[in-house]
Amino acid sequence: MDKLYGAIEGGGTKFVCAVGGGGEQILAKTVIPTRDPEVTLASVAQFFQQQTQRHGPLVSVGLGNFGPLDIDPKSRTYGQIMQTPKPGWAGFDLVADLMRRLAVPIALDTDVNCALLAEAQYGAGRGCGDLVYLTVGTGIGGGVLSGGWRVRGTGHPEIGHLFVPKHPDDGFAGACPFHGDQCIEGLASGPAIEQRWGCPAQNLPAAHPAWELQAHYLALLCHNLFMTVAPVRIILGGGVMAQAQLFPMIRTRCAALANGYGVPPGGRDWEAAIRPVALGGEAGIRGAFLIAAADGVNDRV
Ligand code: ADP
Ligand code: ZN
């Protein structure tokens, strides 16, 4: 193997670490439960040390991490975890700590942006330079590829906190700690569904009215994204989207919301415009390899 890269998907429950050639070939992979930063990153470093002893030195390591996270290289707090309830992680200087332990360059982005890149390269967004990736799980997150570039702004988009109008029959108070029932995360994340209906989302039957309302909200979100960034496609993943019945419901509602106006391109093929993810749990780590192997901060895919 020409060049060896490391990849880390840092999550709230687990850190997935891997080494490989940066493309399809993964030589070794491990899953480390997330505890406090010191314990977690000591295990991460140990894995990479073992791997470099076996396979040789790493060119760089790509890190796709949970947020909120400062990914602006010009910022004073670049590479640090921001406000989070996870014990020990708020304000933690993640990139500096990893560079000290591993002594290799670290390429950093959010877990969501890594998944977006991997879906664009290998998955449901193949060939789409204009793509939106959404994850509907414990929170709602999203990444945007525009003309082949990840949209970052001064940090990264927070699509989960876009405001959508509340359904007139929905009496739920909302689950977002910042925006209550005003933002899409407050209305349509997994915990929002659970709190509204008093039952974990995965236990609600496919015919439950919860899913009509869920499709209603996700269609509003997709409509707003089609109108803002004009992607070829929006792909949706995360625990909640395991409810496959949502896809045709969202497509029908999106068509109704657009009302013949402008979107999506290519003859209003809603089947192609709104799709499930293809890589599932693999997207984050594969995207981390992609950013490790890229030279700059925001390389075109
Ligand atoms: P995370 O967002 O923490 O990375 P997930 O994407 O798995 O993890 O999202 C977890 C959320 O998804 C929980 O709120 C859970 O209730 C919900 N969920 C998990 N599986 C399903 C399912 N099969 N159907 C509907 N909701 C699900
Ligand atoms: Zn919010």
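As the structure lists them, so they are numbered: ligands from 1, and atoms in each ligand from 1.
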Among T135, V136, T138, closest by any non-hydrogen atom to atom 2 (O) of ligand 1 = T138
Minimum non-hydrogen distance to atom 18 (N) of ligand 1, winning option of Q214, M241, Q202 = Q202
Atoms in ligand 1 flagged as close to [X], the criterion being non-hydrogen separation under 4.0 Å:
X    : value
G238 : 6 (O)
G190 : 14 (O)
Q243 : 22 (C), 23 (N), 24 (N), 25 (C)

Can you check whether F247 and W270 have ring centres sitting under 6.0 Å from each other?
-> no
Y217 and H167 aromatic centres sub-6.0 Å | no
Check whether any heavy atom of P200 sits under 4.0 Å from an atom of ligand 1.
-> no
Is the closest heavy-atom distance from E194 to ligand 1 below 4.0 Å?
-> no
Within 45° of the ring axis of Y122 and under 6.0 Å from its six-membered ring centre, is that where the NZ or CZ of R286 lies?
-> yes
Output, by chain and residue number, all protein N/O/S atoms separated from the Zn ion (ligand 2) by less than 2.8 Å.
-> H161 ND1, C176 SG, H179 ND1, C183 SG
For [atom], grab the closest protein heavy atom and report residue, atom and distance to one decimal in Å.
atom                    : result
atom 9 (O) of ligand 1  : G137 CA, 3.2 Å
atom 26 (N) of ligand 1 : A201 CB, 3.3 Å
atom 20 (N) of ligand 1 : G239 O, 3.6 Å
atom 23 (N) of ligand 1 : A242 CB, 3.6 Å

Minimum-distance pair of heavy atoms, taken over all atoms of H156 and E158 = CE1-OE2, 3.4 Å
If you take all heavy atoms of I32 and C17, which pair is closest and at what distance?
-> CD1-SG, 4.0 Å
Between Y133 and N113, does a side-chain hydrogen bond (donor to acceptor under 3.5 Å, both in side chains) hold up when you go through it step by step?
-> CA-CA 8 Å; Y133 165 87; N113 273 348; over 6 Å; no
Sub-4.0 Å protein heavy atom near atom 6 (O) of ligand 1 | yes
Between [X] (side chain only) and [Y] (backbone N and O only), is there a donor and an acceptor less than 3.5 Å apart?
X    : Y    : value
Q80  : L69  : no
K166 : F172 : yes
W197 : H208 : no

Using a 4.5 Å cut-off on heavy atoms from C-beta on, say whether the side chain of L145 contacts that of D130.
-> no
Does the side chain of V39 reach to within under 4.5 Å of the side chain of D36, using non-hydrogen atoms?
-> yes
Only pairs under 3.5 Å count here: list side-chain donor-acceptor contacts from residues 47-54, not counting sequence neighbours, and write none if there are none.
{"unit_1": "Q51", "atom_1": "OE1", "unit_2": "H55", "atom_2": "NE2", "d": "3.4"}
{"unit_1": "T52", "atom_1": "OG1", "unit_2": "F48", "atom_2": "O", "d": "3.0"}
{"unit_1": "T52", "atom_1": "OG1", "unit_2": "Q49", "atom_2": "O", "d": "3.0"}

Which bit of P191 gets closer than 4.0 Å to ligand 1, counting heavy atoms only: side chain, backbone, both or neither?
-> both
